[in-house]
S.K.: 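My questions will all concern the structure given below.
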Amino acid sequence: MNDSRQDTDLKALQEILLRDHEQGFRTLEKRVIDIEQRTRDVAEVLPTALRRSASAGLAQALSEPITSSLRRIARRERKMLAEVMFPVIMPAIRKAVLESLRAWLKTVNHVLDHSLSMRGLAWRWQSIRTGVPFSEIVLKHTLIYRVEQLFLIHRHSGLLVAHQYHPDITARDSDAVSAMLTAIQDFMRDSFEGTSEGELEAINVGTATLWVIHDHDVDLACVIRGVPPEELREKMRDLLEKVVDQNGHWLRQFEGDSKDNAAIEAQFEEAIDQMGAEAVPKSKNHTLWAVFAVALFCWIAWFLFVSIKDRRTRLSYVTAQLEREPGYLINDASYHGDRIRVSGLKDPMARDHKLVLGEEYDIEDSWDPYFSLDPELVLLRLRSWIEVPESVHLEVSGHQLIGTGTAEGGWIANAKQSAAAQQLGYQLVLDDVQPVVDLAALRRSLELPDRVVLDAKNDIWSFSGELSWDEWMALKSRLRDHRVEMSFEQLIISEYLEALTLARLLSGTWATHEALDSDLAPLDPTAWQMNFEKLQKLTTSSRLKLRIDVEPFNDGTGTLEMNREVRQRRAFEARQILASWGVDDQNMHILNNDPIVLNGIKDLSLRRVDLSVTMEPPQLLLER
């Protein structure tokens, strides 16, 4: 009970003590829970907090979110970022491009001034030999001295106030250089404290020199290439005094922020351009002589190049032409003085080298004889050995020498027995070589009459003129043993001409009497009979194929049957008459091609029989 009572009394005491603060606690709790209110509270104190915060810690804390935001903007809002950065980036780019172009043009002008001279050529050879760029070689030999870098260092803090360097060099970390110089000067002061030697004045490193000019608040360090005169130290001191006079207040309050040092760097840039001296160039006559020497050297080099190229071209041409020519084997081809000397093997049948190369190539040649197996020379050699006539054409086919054309029979026989082709490794084939024909002797052997003309062209014997059938049969028997092609197209058999004349004479019309039933009566039957008997005899002896076409006609009177009977009787009577004259019945043919016309008109001229006598020309062929 006592404990319960004590708890009740304690709660009552709390209510009495905290009654006045309860409303404030609720207000504070509500303000903490309200995000909008907390944002307004942070915004009120954020500027003051940023100003009081440590710069390094704040930069480290903000670097990551700012970097992330910039990356996001760069990915999503490139155009907006470009518009924002354009006013800042473009002037810097323009200045950098102008400075680079100015430095490049200065270097090019400097190098060109020393290129076309003997000294310049020597320096270029040194550049090639050592691998050092030619511009550095030129600067090394022509530069008396040059100010390459200027450092303005705060004496009390050791911080770099300003730095400028020559455009032809590559600048290192200027802050590191400044710290190193400050450390060296502190070392010098500590080592020589209390003496006038405590200040660092100069450092020599190879061909480079470092001069330091001191002032109360700043030190000016100058990096010099070459051997500087003492007057340069006065120029540096004047430069330092000028900088201190114009920027003394700012330099005394300098705490590391170098954003306002543009004026100092501009003065340093101007001083670097002015502080330097090159060697005095020699007379321009040396340059002219150097140009003349270079031109002369180029002309000599070109002349030698053209001469060597021409010699090689001529030598290559001579070698190629002789190697392609049958009968030549080249062992050596070279120049001896101004002439080409060629040695090797040459076939005696090969063409002379002057014909192969031309008269303009006068070479010294030395040949050993040999027999070439080139087909062209094999044919030439065989022709000279067995005296092949021009009418015989030879060609190589494998291991055979095949001849075509015509030649004397005696030569053909001797060539077939000769071993000349075997000595050359070939077989001579003369099967297609025909013996030459003596036309006069051939006419006598064939007993040709003067009416027949004999000619031989392109291995063909042609006969023209007129022969009797008996003469033709005798000629055929004499020609059977000749193995040549013959033509008898222009040869005419006299019996055929006579028979052809009779055939034209006997072809015509046989008339009748006026009466329909009268006998057929040809005009002058005796003459007709004699001609038919003669024609039959000629065709039989000359083996000519005779054909007689009998065609009867009738006038337009009478009936159809009567006219048909009249036609048949007339044709029969004509065949009977011809048969009585000795005409073979197999050679007669009755034609009934004309239709029978019944018009009631008596036309005596239609009461007739027409005869047509034809024959085929004789076949003048040889039976082999």
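None of these values were measured; they are calculated from a predicted model.
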S.K.: Under a 4.0 Å N-O cut-off, is there an ion pair linking Arg381 with Asp347?
M.R.: yes

S.K.: What's the spacing between Glu387 CD and Asn414 CG if we round to 0.5 Å?
M.R.: 10.5 Å

S.K.: What pair of heavy atoms forms the shortest contact from Arg383 to Pro389, and how long is it?
M.R.: NH1-O, 3.4 Å

S.K.: Answer whether the closest heavy-atom distance between the side chains of Asp215 and Leu220 falls below 4.5 Å.
M.R.: no

S.K.: Does the side chain of Ile402 come within less than 4.5 Å of Leu430's, by heavy atoms?
M.R.: no

S.K.: Hey, are the side chains of Lys346 and Asp352 touching, using non-hydrogen atoms and a 4.5 Å cut-off?
M.R.: yes

S.K.: Using every non-hydrogen atom in the two residues, find where Ala350 and Tyr328 come nearest and quote the distance to one decimal.
M.R.: CB-CE1, 4.0 Å

S.K.: To the nearest 0.5 Å, what is the distance between CH2 on Trp211 and CZ on Arg233?
M.R.: 4.5 Å

S.K.: Hey, what do you get for SG (Cys222) to CG (Leu240), rounding to the nearest 0.5 Å?
M.R.: 11.5 Å

S.K.: Who passes ring-ring contact (aromatic ring centres under 6.0 Å, His included) against Tyr317, sequence neighbours left out?
M.R.: Tyr361

S.K.: Could you check Leu232 against Ile224 for side-chain contact (heavy atoms from CB on, under 4.5 Å), going step by step and ending with a plain yes or no?
M.R.: CA-CA 10 Å; Leu232 180 62; Ile224 308 167; 3.4 Å; yes

S.K.: Taking atom CZ of Phe297 as the centre, does the number of heavy atoms from other residues, nucleotides or ligands within less than 6.0 Å exceed 12?
M.R.: no

S.K.: Checking the side chain of Thr313 only, and the main-chain atoms of Lys309 only, is there a donor and an acceptor separated by less than 3.5 Å?
M.R.: yes

S.K.: Quick check on Glu376: does its CD atom have over 12 non-hydrogen neighbours (other residues, nucleotides or ligands) under 6.0 Å away?
M.R.: no

S.K.: Calculate, to the nearest 0.5 Å, the distance between atoms CD1 and CD belonging to Ile330 and Glu325 respectively.
M.R.: 10.5 Å

S.K.: Answer whether the closest heavy-atom distance between the side chains of Asp332 and Val342 falls below 4.5 Å.
M.R.: no

S.K.: Measuring only between side-chain heavy atoms, which start at C-beta, is Val378 closer than 4.5 Å to Asp374?
M.R.: no

S.K.: Measure the spacing between CG of Asp365 and CD1 of Ile340 and express it to the nearest 0.5 Å.
M.R.: 12.0 Å

S.K.: Drop me the distance from Thr404's OG1 to Leu394's CG, to the nearest 0.5 angstrom.
M.R.: 7.5 Å

S.K.: Give me the ring orientation class for Tyr426 and His399: parallel if the planes are under 30° apart, tilted from 30 to 60°, perpendicular past 60°.
M.R.: tilted

S.K.: Check this for me: Arg312, atom CZ, are more than 12 non-hydrogen atoms of other residues, nucleotides or ligands nearer than 6.0 Å?
M.R.: no

S.K.: Which pair of non-hydrogen atoms, one from Asn331 and one from Gly344, has the smallest distance, and what is that distance?
M.R.: ND2-CA, 3.4 Å

S.K.: Measure from the side-chain N and O atoms of Asp455 to the backbone N and O of Ser462, and report whether any donor-acceptor pair falls under 3.5 Å.
M.R.: no

S.K.: Evaluate side-chain contact (heavy atoms from CB on, under 4.5 Å) for Ile386 paired with Leu428, printing each intermediate quantity in order.
M.R.: CA-CA 11 Å; Ile386 62 176; Leu428 183 61; 4.2 Å; yes

S.K.: Under a 4.5 Å cut-off applied to non-hydrogen side-chain atoms, are Val147 and Val223 in contact?
M.R.: no

